**Q** 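Here's a structure for you.
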2 protein chains.
Amino acid sequence: MSRRSRYSRAESLDRAMDLFWSRGYLGTSMKDLEEGLDMRPGSIYAAFGSKEQLFLDALEWYATGMQEEIATLMGDRPLAEGLAAYFQALAKGTASIGVGRACLIVRSLLEAAETQPVIVQRAEAFLSQAESGFKELLEAASARGEIPPDIDGPRLARYLQSQIMGLRVILQRPGLSPVARLALADDMLAGFLAVVGKPGDT
Amino acid sequence: MSRRSRYSRAESLDRAMDLFWSRGYLGTSMKDLEEGLDMRPGSIYAAFGSKEQLFLDALEWYATGMQEEIATLMGDRPLAEGLAAYFQALAKGTASIGVGRACLIVRSLLEAAETQPVIVQRAEAFLSQAESGFKELLEAASARGEIPPDIDGPRLARYLQSQIMGLRVILQRPGLSPVARLALADDMLAGFLAVVGKPGDT
DNA sequence: TCTTAACTTGAATGATCGCTCAACAACAGG
DNA sequence: CCTGTTGTTGAGCGATCATTCAAGTTAAGA
């Protein structure tokens, strides 16, 4: 051993995630990263290997954080209550990170769609992982008797995830009033609960 | 007058739209455009002014085409029938253009979000225009007695649009089976109709 | 047929892209 | 206090970026 690194990996990933989230993969230059991470190119390459690898690491960082946030907000409480809390947090921009921004995974999936297969593959994997998380939440609610016992977990999870992704995309629109945001979140939740087989909330 | 242009504006916009749709704004280089449009840089700049202006023109071209497609598929028939046709066309990739691609307007909104204000502003305007189209379809259905007379048109239109955008985003996922696609479209439609106040379809 | 305005061409521009690496700096073990 | 190893630095690499413009080409009107 001989010299300790100046940089914390967690802090670097936080900052890189924020940059990529705000400007996209192609829209974020190494110069932006050098400034945002306060690192010189050599240190960035020593720590992460390439811009693409740094992006993939930041994407994983994001996916982990998002799953933790959802678990915190929705875990161990009735499904409808947890969902309402989450949808309203999204609509109000109360969610801990990325206020008013669409999901970074979705953003990346769209940006990389037909040109960056490696990124598409990872984004797809993270989406499928998040879908599993929703599936487990739904099946737990089903076991608790909150929703019918014969639900199709994966199918409903996919539907729920699509609703959330759509909501977050539309919430990115600059010209949308706070009232409209909340109404949209309410409608989304109502639609989902209706399909699940539960007429209203609470 | 002295010399006629070799190029058709409609054909150029078709090709530019396809390129931007497939590779994004930043991901499409002038070299890509030169090849795709079969035009030399001077001709592109003479016809469109700049890469950004060409993109904005292509985006408008897309928005117009999309609205025409929706009007064709949903006009002059019961709302639930038209919606079912549209959702299924999306799920099956039967829609005339951009099979398996998310909405170009949404893609552009996300890509440009915090870095290209001009593009964001135009994308927002096209989204709001499309929303108005949905609002009129809903109000017409309401006048025909298909859905309750006291609906909140703009609110429901926003909800419908969010569902469609979310659906199209998720349909972009490569690892999604045809069966899952159709099920998702069904659930989306069922959720929307439930919120509108109509229990089933047909 | 000649003129001339409009259109096309493609080499060249300066800027910026992601990335490399030789030189330098820091610090634990001896 | 040296020595050896690892981390940091930043000038500079070749490639590519969007864009320009002088020169060449086309065809309608005289």
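Here the structure is a predicted model, which is why all the values come from computation and not from measurement. By convention in this document, chain letters (A, B, ...) are assigned in the order of the sequence lines, proteins followed by strands, and residues within each chain are numbered from 1.
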**Q** Does CG in B/D76 sit with more than 12 non-hydrogen atoms of other residues, nucleotides or ligands closer than 6.0 Å?
**A**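 No.
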**Q** Tell me whether the side-chain N/O atoms of B/S50 come closer than 4.0 Å to OP1 or OP2 in D/dA18.
**A**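 Answer is no, no contact under 4.0 Å.
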**Q** Under a 4.0 Å threshold between the charged nitrogen and the carboxylate oxygen, would B/R15 count as salt-bridged to B/E11?
**A**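 Yes, charged N to carboxylate O under 4.0 Å.
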**Q** Under a 4.0 Å heavy-atom cut-off, which of residues 51-61 of chain A touch DNA chain C?
**A**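 Here the set is A/K51.
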**Q** Taking CD in B/E35 as the centre, count heavy atoms belonging to other residues, nucleotides or ligands within less than 6.0 Å. Is the count above 12?
**A**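 Atom CD in B/E35 is not packed in, count stays at 12 or less.
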**Q** Give the nucleotide from the list C/dT9, D/dT8, D/dG24 with an atom nearest to the side chain of B/R3.
**A**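 Of the options given, the side chain of B/R3 lies nearest D/dG24.
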**Q** Does the distance from a Lys or Arg side-chain N to an Asp or Glu carboxylate O, for B/D18 and B/R101, drop under 4.0 Å?
**A**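 Yes, charged N to carboxylate O under 4.0 Å.
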**Q** For DNA chain C, find the residues of residues 26-38 of chain B with a heavy-atom distance under 4.0 Å and give them by number; none if there aren't any.
**A**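 None - not one residue of the stretch has a heavy atom sitting under 4.0 Å from the strand.
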**Q** In terms of the angle between their ring planes, are A/F192 and A/Y159 parallel, tilted or perpendicular, with boundaries placed at 30° and 60°?
**A**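 If you compare the ring of A/F192 with that of A/Y159, the planes turn out tilted.
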**Q** Can you tabulate the close N/O pairs, meaning under 3.5 Å, that link protein atoms to atoms of nucleotides 10-15 of chain C?
**A**
from	atom 1	to	atom 2	distance (Å)
C/dG10	O6	B/G42	N	3.2

**Q** Anything under 30° is parallel, anything over 60° is perpendicular, the rest tilted; go ahead and classify B/F20 against B/F55.
**A**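 Aromatic pair B/F20/B/F55 classed perpendicular.
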**Q** Could you say whether B/Y45 or B/R4 is positioned toward the 5' end of DNA chain D, judged by the nucleotide with the nearest heavy atom to each?
**A**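 Final value for this comparison: B/Y45.
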